[in-house]
Participant: 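Quick one: the structure is below, and I'll ask about it shortly.
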Protein chains: 2
Amino acid sequence: LVTLEEFIRQHLNKVENNSVLPFPIRNASLSANKTITDYGQVEDCVYFLNKGLIQVSVLKNDEEKILDFFVSGDFFCAYSSFLTQTPSDVRINTLVVCQVSVIRRIDLMQAYSTSLLANQLGLFVTQQLYLKRTQREKDFLTKSAEERYKDLMNRNPSLIQQIPLAKVAHYLGMHPESLSRIRKSIIF
Amino acid sequence: LVTLEEFIRQHLNKVENNSVLPFPIRNASLSANKTITDYGQVEDCVYFLNKGLIQVSVLKNDEEKILDFFVSGDFFCAYSSFLTQTPSDVRINTLVVCQVSVIRRIDLMQAYSTSLLANQLGLFVTQQLYLKRTQREKDFLTKSAEERYKDLMNRNPSLIQQIPLAKVAHYLGMHPESLSRIRKSIIF
């Protein structure tokens, strides 16, 4: 279980042990396969995943595609909807029982207007989300399915262990059969 | 010509006319078709484009693909390289004569450690970059070439006017002939 305070100490080089968060949070436990933010909903919270596994999907015609996964210690939300306050084109749901810390948008905006720490945290998290999305876009443009799988294994081995093979294949944009073939051809 | 001070007043709701930047900048004029950051280079600056047009490319095998464009009033740099301090896998070059304000990474990092304004600016710019990249990724997953072109026209008509058709096609991931066909089929 990862706390938000630990995340701040670890990533923002804040050494104070008694650091007070610059915004209120609410802790919650969510059941497996629960939709947190649905298609068409306007996102008004940010979530910190203390423990669990989150899936982000997008609809193409009537087919659902997996856009992203989040693991313990990650921030997540329908961030484009959160930023633009327009209906979300992604769906966010739990894959297992999850523990989350919830930050309301109104409280975060308030903190951003005055708190150095809130802005440093928002900047760091947004930079990490940017890196993740950019990497994925470049991978689709420049790498083969096998290369994308090997990269994911190197970058996030725990994710591959936690998620069913069919979902990993889906996320990488390949057929489960192709991924099975690639996995067999890789010498571990 | 857009200044960095104007950008801050416009986007960060800072009303003071005598706002002082939280970091030093250097203004420069760059010739057309000049490489600012090359493949393999570690990015150590952020640029604000006062005036001009910038192209970002990536290599797939030996073929160059266009990843992004930036127009007047945009921040740009090889941001993944800047954040991770690893060699850039993108090339950034001017398409026309450009006026830029240059911020050194070391100066920005210093400002981030103490300045609320620097963090608010970095957060806003990173959020905008995130939205742009996410939109492009979702578009490739969920939209046809024609829909991607129409969206680009709606979102950034000035970009389409400034950039040769072949480059726009390249950016949208289609053949120039296909784009010509689509343009003819659209009633303006």
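Note on naming: letters A, B, ... go to the chains in the order of the sequence lines (proteins, then strands), and numbering restarts at 1 for each one.
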Participant: Report yes or no: do A:L116 and A:I103 belong to one cluster of Ile/Leu/Val/Met/Phe/Trp/Tyr joined by side chain heavy-atom distances under 4.5 Å?
Facilitator: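 Unlinked, A:L116 and A:I103 end up in two clusters.
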Participant: Looking at B:K150 and B:E146, is there a salt bridge between them, counting it only when a charged N and a carboxylate O are closer than 4.0 Å?
Facilitator: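 The answer is yes: the pair qualifies as a salt bridge.
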Participant: Side chain, backbone, both or neither: which part of A:L59 has an atom under 4.5 Å from a heavy atom of chain B?
Facilitator: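 The answer is the backbone of A:L59.
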Participant: Taking the six-membered ring of B:F82, is NZ or CZ of B:R105 closer than 6.0 Å to its centre and within 45° of its axis?
Facilitator: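 The answer is yes; both the distance and angle limits are met.
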Participant: Does either side chain, that of A:S88 or that of A:E43, offer a donor lying less than 3.5 Å from an acceptor on the other one?
Facilitator: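 The criterion, which ignores hydrogens and geometry beyond distance, is not satisfied for A:E43 and A:S88.
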Participant: As an exercise: rank A:T84, A:V90, A:D89, A:V58 by heavy-atom pairs under 4.5 Å with chain B and give me the winner.
Facilitator: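 The residue among A:T84, A:V90, A:D89, A:V58 with the greatest pair count is A:D89.
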Participant: Non-hydrogen atoms of chain A under 4.5 Å away: do they reach the side chain of B:L129, the backbone, both or neither?
Facilitator: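 When you check distances to chain A, atoms from both the backbone and side chain of B:L129 fall under 4.5 Å.
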